Amino acid sequence: MKRIKCKIAYDGSFFNGFQIQPKGRTIQGEIEKGLAKLHKGSPVKIFASGRTDTFVHAKGQMFHFDTPLEIPLERWHEAIQTVLPSDIAVLEVSEAHADFHARFDVVSKEYRYFVQRGRRMDVFRRHYRYFYPYQLSVENMTKAAELLLGTHDYTSFCSAKTDKEDKVRTIYSIEIIEKEDELEFRFVGDGFLRNMVRILVGTILEVGRGRRNPEDVINVLNSRDRERAGHTAPGHGLFLWQVNYNN
């Protein structure tokens, strides 16, 4: 058996998230269905670096699977791509060590969230940008973001439906970049809880709008109360950008 490691990108606009569900189209479901075709009907389970929610996109999702097929490594890319739909793209394929695990070996992840500003929504960006037509103080937002860095219990900034008991995570950096009529949020951390990035974005936007002071996020963080944080920004503005491993 060989362990194959894959990097993929996908447009999440027409998926009910990554993980297989009883109903609805999912990224995992499409990949496993395609791999089963390559394996002449035999089921193949994939293991991803993590889940993404409904409408969330990826530029660098990672997964692995085990296979008995003797396909040359240089042909795996084309083989997998031919059995996938057009909204999932294979970027890289490599052979991994037998003990490699796409989820448990992750050392850090980067997510990016995109916000369109201005008075009118751009219909051609509606699936990939959160339209937010309010005046914002990027200076105050940056101050708030800096206060959220470090190792903390992020209970206040995750969904109440999360299945993780340990909610301590480390955020290494948060950047807020202005580009014409857009804001780009970049989050790098050792891991993120369910809806964590989206709730962080929603809270920071409320600071930018003047509904909160930058220092308020400290009280929210320490409260460990989801009700104290801001709204959950919609999924379509979020991209899983990169997954990093030691090697």
Side-chain angles (χ1 to χ4, degrees), residues 2-39 41-67 69 71 76-96 100-106 108-114 125-130 158-159 161-164 187 189 191-199 201 232-245:
K2 294 181 180 179
R3 181 153 293 185
I4 301 297
K5 174 183 175 183
C6 297
K7 179 179 181 179
I8 59 169
Y10 49 83
D11 181 339
S13 300
F14 303 102
F15 287 102
N16 286 0
F18 186 91
Q19 189 177 30
I20 286 180
Q21 300 177 23
K23 294 183 179 180
R25 183 171 180 255
T26 66
I27 293 101
Q28 181 182 3
E30 294 292 335
I31 295 171
E32 291 187 352
K33 182 169 64 177
L35 290 174
K37 290 181 182 178
L38 290 180
H39 290 75
S42 297
V44 178
K45 184 173 178 59
I46 67 169
F47 299 87
S49 70
R51 312 166 190 169
T52 52
D53 291 330
T54 301
F55 305 139
V56 175
H57 315 288
K59 286 272 192 177
Q61 173 68 286
M62 304 293 296
F63 70 87
H64 80 263
F65 64 93
D66 293 329
T67 178
L69 297 183
I71 297 177
W76 267 109
H77 184 287
E78 181 181 0
I80 298 172
Q81 189 65 71
T82 56
V83 295
L84 294 181
S86 59
D87 44 6
I88 303 177
V90 179
L91 303 179
E92 297 175 9
V93 179
S94 59
E95 186 172 348
F100 168 80
H101 198 286
R103 177 183 174 190
F104 299 127
D105 290 347
V106 172
S108 67
K109 290 183 179 180
E110 178 179 352
Y111 281 89
R112 297 190 185 186
Y113 196 96
F114 295 87
R125 286 183 282 174
R126 73 190 188 281
H127 292 308
Y128 315 103
R129 303 292 186 266
Y130 175 27
C158 74
S159 168
K161 297 179 181 179
T162 185
D163 57 0
K164 303 294 185 183
F187 295 83
F192 295 89
L193 300 161
R194 184 173 182 180
N195 290 355
M196 181 172 162
V197 173
R198 292 164 58 193
I199 297 170
V201 169
T232 304
H236 63 266
L238 182 61
F239 290 72
L240 172 55
W241 204 261
Q242 185 168 307
V243 181
N244 298 307
Y245 300 94

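Just so it is clear, the values below take in all heavy atoms, side chains as well, and ignore hydrogens, waters and symmetry mates. All figures in this text were calculated on a predicted structure; none of them were measured in a lab.
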What one should report as the nearest heavy-atom pair of Cys6 and Ile80 is SG-CD1, 3.7 Å
Which atom pair, heavy atoms only, marks the closest approach of Ala233 to Tyr113? CB-OH, 3.3 Å
Go through the steps to decide whether Val93 and Ile4 satisfy the test side chain to side chain contact (heavy atoms under 4.5 Å, CB included), and finish with yes or no. CA-CA 7 Å; Val93 179; Ile4 301 297; 3.6 Å; yes
Relative to each other, are the rings of Phe239 and Trp241 parallel, tilted or perpendicular (30° and 60° limits)? perpendicular
Please tabulate, for side-chain N and O atoms in residues 17-27, each donor-acceptor pair with protein atoms closer than 3.5 Å (sequence neighbours left out).
residue: Gln19; atom: OE1; partner: Arg51; partner atom: NE; Å: 3.3
residue: Gln21; atom: NE2; partner: Asn16; partner atom: O; Å: 2.6
residue: Arg25; atom: NE; partner: Glu30; partner atom: OE2; Å: 3.4
residue: Arg25; atom: NH1; partner: Phe14; partner atom: O; Å: 3.3
residue: Arg25; atom: NH1; partner: Asp87; partner atom: OD2; Å: 3.0
residue: Arg25; atom: NH2; partner: Asp87; partner atom: OD1; Å: 2.9
residue: Arg25; atom: NH2; partner: Asp87; partner atom: OD2; Å: 3.2
residue: Thr26; atom: OG1; partner: Gly29; partner atom: N; Å: 3.0

Do the side chain of His127 and the main chain of His236 share a donor and acceptor less than 3.5 angstrom apart? no
Give a yes or no on whether the ring-centroid distance for Phe114 and Tyr128 is below 6.0 angstrom. no
Show the nearest heavy-atom pair for residues His77 and Glu92, with the distance to one decimal. CD2-N, 4.5 Å
Aromatic ring proximity Phe65/Trp76, centre distance under 6.0 Å: yes
On a heavy-atom basis, which atom in Val243 and which in Ser49 lie closest, and how many Å separate them? CG2-OG, 3.5 Å
Residues, nucleotides or ligands: over 12 heavy atoms within 6.0 Å of Lys2 NZ: yes
Set out, in order, the CA-CA distance, both residues' side-chain angles and the distance that settles side chain to side chain contact (heavy atoms under 4.5 Å, CB included) for Arg194 and Lys164, then state yes or no. CA-CA 9 Å; Arg194 184 173 182 180; Lys164 303 294 185 183; over 6 Å; no
Look only at the side chain of Glu32 and the backbone of Ile46, and say whether a donor-acceptor pair between them is shorter than 3.5 Å. yes
Taking atom CZ of Phe192 as the centre, does the number of heavy atoms from other residues, nucleotides or ligands within less than 6.0 Å exceed 12? yes
From Asn244 atom CG to Lys109 atom NZ, the distance as rounded to the nearest 0.5 Å: 10.5 Å
Does the pair Ile8 and Ile88 meet the rule for a side chain to side chain contact (heavy atoms under 4.5 Å, CB included), with working shown? CA-CA 7 Å; Ile8 59 169; Ile88 303 177; 4.3 Å; yes
Quick check: are there more than 12 heavy atoms from other residues, nucleotides or ligands sitting under 6.0 Å from CZ of Arg103? no
Could you measure the distance from the CD atom of Gln28 to the NZ atom of Lys33? Nearest 0.5 Å is fine. 13.0 Å
Given Gln242, which of Glu110, Lys7, Met62, Gln61 fulfils the side chain to side chain contact (heavy atoms under 4.5 Å, CB included) condition? Glu110
Please say whether the positively charged group of Lys5, taken as NZ for Lys or CZ for Arg, lies over the ring of Phe100, i.e. under 6.0 angstrom from the six-membered ring centre and within 45 degrees of the axis. yes
Mind listing the closest non-hydrogen atom pair of His57 and Gly12 along with its distance? ND1-N, 2.8 Å
What is the distance from atom OG of Ser42 to atom NZ of Lys37, rounded to the nearest 0.5 Å? 15.0 Å
Are the side chain of Thr82 and the backbone N or O of Ala79 linked by a donor-acceptor pair below 3.5 Å? yes
Note: Asp11 and Ser13 closest approach over all heavy atoms is OD1-OG, 2.6 Å
Name all residues meeting the salt bridge (Lys or Arg N to Asp or Glu O under 4.0 Å) criterion together with Asp53; count only those two or more places apart in sequence or in a different chain, and write none if there are none. Arg198
To the nearest 0.5 Å, what is the distance between OH on Tyr10 and OG1 on Thr52? 2.5 Å
